[in-house]
Each structure stands twice: as C-alpha cells, then as structure tokens.
Amino acid sequence: MIHLDTARAEVRTTSTPTDFAADFERLFSAFGDAALRRGAGAEHVTASCLVFDPDTESVLLNHHRKAGLWGQFGGHLEAEDDSLRSAARREAMEESGLSRLTWFSPAPIDLHVHDLSASFGACERHFDVVFAAVASADQVPVVSDESLAVKWFPLSALPSSLMPDLVVRLPKLYQAGVAAQQVSDRHPG
C-alpha cells in the first residue's frame with residue numbers, strides 16, 4: 001500500500017497550479033496514512049486518469065454507474081498500489097478495458113476535491129489526484145462492472161451529462177495532459 005510520504009511527494013509535483021493543494025495537506029496532517037484508505041473515513045484520497053487522443057482531440061470517458069454521469073476513470077487506492085500514479089494507471093486500465101496506453105503522465109496534472117452524493121455510501125468527499133494518459137481512439141474500450149458505458153468523445157462534442165465539475169475542467173485537463181506529454185517528449189527519461 002502506498003505510504004503517506006509517497007502520496008505527499010506526488011501531490012507536490014502536480015504540473016498545474018491548483019487551489020486544492022492546501023486541502024490535501026490539511027487532510028494528510030489530520031488523518032495521516034488513513035487519508036489513503038477508503039475504509040478509514042468519509043474523506044479520503046482517490047486517483048484518476050484522463051485518457052485522451054491528441055491526434056483526434058478526443059477523450060475517453062466512462063458513464064459511471066453510481067454517479068449516473070460521464071467522467072474520467074478513477075477510484076480508491078488498493079493494497080497493491082505503491083503510488084498514486086500506479087493507482088491511476090490501474091483504474092484507467094481496469095475501467096477502460098483498453099489493452100494499451102502509449103504514454104502515462106509522470107506527475108499529476110491536477111488536484112480536485114469534490115463532495116459525493118448518497119449513492120456513494122460512506123464516501124462523502126474525494127480528494128482526487130488526476131493523471132493523464134494517451135491512447136489511440138482506434139482502440140475499442142470495454143465496459144467494466146463500474147460503468148454503464150465507455151466511449152470516445154471529441155472535445156467539441158462532449159456529453160451533456162458530464163459530472164458537474166468537468167463541464168469547465170475537462171478542456172483544461174485535456175490541455176494540461178497535452179502539455180505534460182509535450183514536456184515528456186522533450187525530456188524523456
């Protein structure tokens with residue numbers, strides 16, 4: 001399982017400035033390692049991943065079964081996750097059904113804190129660490145048990161039933177993902 005020091009270090013490397021960094025530090029200071037486990041309380045860290053295809057300017061989204069809305073892939077940290085990055089990658093692969101990601105961001109592209117509806121049970125607030133990944137829109141996604149559907153959307157034709165925070169954030173997340181990939185391409189390794 002990921003250690004608190006690892007999570008703190010990853011949060012500090014987020015590529016885009018965010019107002020939520022202080023919220024993460026308050027959570028870590030108040031709850032310690034428990035902030036990384038869903039069973040430890042109603043507020044905890046999650047990891048997510050925006051999968052995109054820069055060639056077609058498309059994003060791959062899942063119609064989340066509990067939320068009933070479209071969003072990026074993500075979820076709770078599991079025992080086998082040794083970093084937030086590995087948790088985000090695992091969630092993206094599990095929930096998208098894709099066989100391959102051609103690039104995965106070395107650092108988070110965003111931090112976000114959001115409240116959850118009652119359909120999420122004991123979970124009340126997620127402190128989400130967002131990574132980005134590239135895949136080809138030619139790949140056919142496979143729907144997991146956690147989703148109603150998984151589909152590629154052009155940025156110019158996003159679904160109307162997006163998670164409310166993503167209406168404004170999604171284009172910015174896409175731009176942050178593209179920028180992170182360009183930096184990686186210039187500075188491999």
Side-chain angles (χ1 to χ4, degrees), residues 2 6-7 9-18 45-65 67 69-112 126-159 162-163 165-189:
I2 183 174
T6 302
E10 284 184 285
V11 165
R12 286 187 194 119
T13 65
T14 302
S15 62
T16 306
T18 174
V45 174
T46 56
S48 70
C49 181
L50 177 68
V51 177
F52 67 97
D53 181 342
D55 295 332
T56 62
E57 294 188 354
S58 299
V59 292
L60 184 61
L61 302 175
N62 71 327
H63 195 200
H64 196 276
R65 187 171 298 280
L69 300 167
W70 290 92
Q72 78 266 24
F73 305 101
H76 295 104
L77 309 180
E78 302 291 344
E80 69 267 18
D81 299 324
D82 61 359
S83 67
L84 297 171
R85 184 176 189 259
S86 68
R89 183 180 187 88
R90 176 186 49 74
E91 289 286 346
M93 298 301 288
E94 285 176 3
E95 293 181 2
S96 72
L98 294 180
S99 59
R100 186 167 90 87
L101 300 172
T102 57
W103 173 82
F104 201 87
S105 62
I109 61 165
D110 193 38
L111 303 174
H112 192 260
H126 281 168
F127 290 70
D128 194 37
V129 182
V130 185
F131 289 80
V134 172
S136 170
D138 292 336
Q139 283 193 77
V140 178
V142 177
V143 178
S144 76
D145 291 341
E146 296 182 35
S147 303
L148 298 171
V150 178
K151 184 178 174 185
W152 287 100
F153 292 94
L155 279 178
S156 60
L158 294 172
L162 273 176
M163 293 190 184
D165 64 286
L166 286 180
V167 172
V168 172
R169 285 181 61 233
L170 191 56
K172 294 176 184 177
L173 291 175
Y174 174 84
Q175 291 167 351
V178 168
Q181 182 194 22
Q182 291 169 344
V183 169
S184 288
D185 289 349
R186 286 193 304 270
H187 306 287

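The shortest side-chain heavy-atom distance between Leu173 and Ile109 falls under the 4.5 Å cut-off. In this structure, Ser48 and Phe73 have side chains that are not in contact, with every pair of non-hydrogen atoms separated by 4.5 Å or more. In this structure, Leu111 and Val11 have side chains that are in contact, with non-hydrogen atoms separated by less than 4.5 Å. In this structure, Gln72 and Val59 have side chains that are not in contact, with every pair of non-hydrogen atoms separated by 4.5 Å or more. Counting heavy atoms from C-beta outward, Phe153 and Pro159 have side chains that approach closer than 4.5 Å. With a 4.5 Å cut-off on side-chain heavy atoms, Leu50 and Leu170 count as touching.
By the ring pair (Phe, Tyr, Trp, His ring centres under 6.0 Å) test, His126 pairs with His44, His76, His114, sequence neighbours left out.
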| request: List the steps, then state whether side chain to side chain contact (heavy atoms under 4.5 Å, CB included) holds for Trp152 with Leu61. | output: CA-CA 6 Å; Trp152 287 100; Leu61 302 175; over 6 Å; no
| Where do His64 and Ser147 land on the side chain to side chain contact (heavy atoms under 4.5 Å, CB included) test, with the steps shown first? | CA-CA 5 Å; His64 196 276; Ser147 303; 6.0 Å; no
| said: Using the rule given for side chain to side chain contact (heavy atoms under 4.5 Å, CB included), can you reason through Leu60 versus Phe52, listing the C-alpha separation, both sets of side-chain angles and the distance that settles it, and then say yes or no? | reply: CA-CA 6 Å; Leu60 184 61; Phe52 67 97; over 6 Å; no
| said: Pair Met93, Leu101 - check side chain to side chain contact (heavy atoms under 4.5 Å, CB included), show working. | reply: CA-CA 8 Å; Met93 298 301 288; Leu101 300 172; 3.5 Å; yes
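Here the CD atom belonging to Gln139 is positioned 6.5 Å from the CZ atom belonging to Arg100, to the nearest 0.5 angstrom. From His112, atom NE2 reaches atom CE of Met163 across 11.0 Å, with rounding to the nearest 0.5 Å.
Counting only distance, with no hydrogens or angles, the side chain of Arg85 and the backbone of Ser105 share a donor-acceptor pair below 3.5 Å. Between the Glu91 side chain and the Cys49 main chain, no donor and acceptor come within less than 3.5 Å of each other. No donor-acceptor distance shorter than 3.5 angstrom exists from the side chain of Asp81 to the backbone of Ser83, with no hydrogens or angles considered. Between the side chain of Asn62 and the backbone N or O of Val150 there is no donor-acceptor pair closer than 3.5 Å. Using a distance-only test at 3.5 Å, with no hydrogens or angles considered, a donor-acceptor pair links the side chain of Ser96 to the main chain of Ala92. Not a single donor-acceptor pair under 3.5 Å links the side chain of Thr14 to the backbone N or O of Arg12.
In this structure, Phe131 and Phe104 have parallel ring planes: the angle between them is below the 30° cut-off, well short of the 60° mark.
More than 12 heavy atoms of other residues, nucleotides or ligands shown are found within 6.0 angstrom of CZ on Arg186. No more than 12 heavy atoms of other residues, nucleotides or ligands shown are found within 6.0 angstrom of CG on Asp145.
For the pairing with Leu84, the side-chain contact (heavy atoms from CB on, under 4.5 Å) check across Asp128, Leu77, Thr46 returns one residue only, Leu77.
Listed here is the closest heavy atom pair of Ala132 and Gly177: CB-CA, 3.9 Å. Contact between Asp82 and Thr6 at its shortest, heavy atoms only, is O-CG2, 3.8 Å. The two residues Asp53 and Asp55 make their nearest non-hydrogen contact at OD1-N, 2.8 Å. When all heavy atoms are compared, the tightest approach of Leu155 to Tyr174 is CD1-CD2, 3.1 Å. Ala149 approaches Trp70 most closely through the heavy-atom pair CB-CH2, 3.7 Å. Contact record, Thr102 with Ala135: OG1-N, 4.2 Å, taken as the closest heavy-atom pair.
No side-chain N or O of Ser144 forms a donor-acceptor pair with one of Glu95 less than 3.5 Å apart. Counted by atom type alone, Thr16 and Asp110 present zero donor-acceptor pairs between their side chains at under 3.5 Å.
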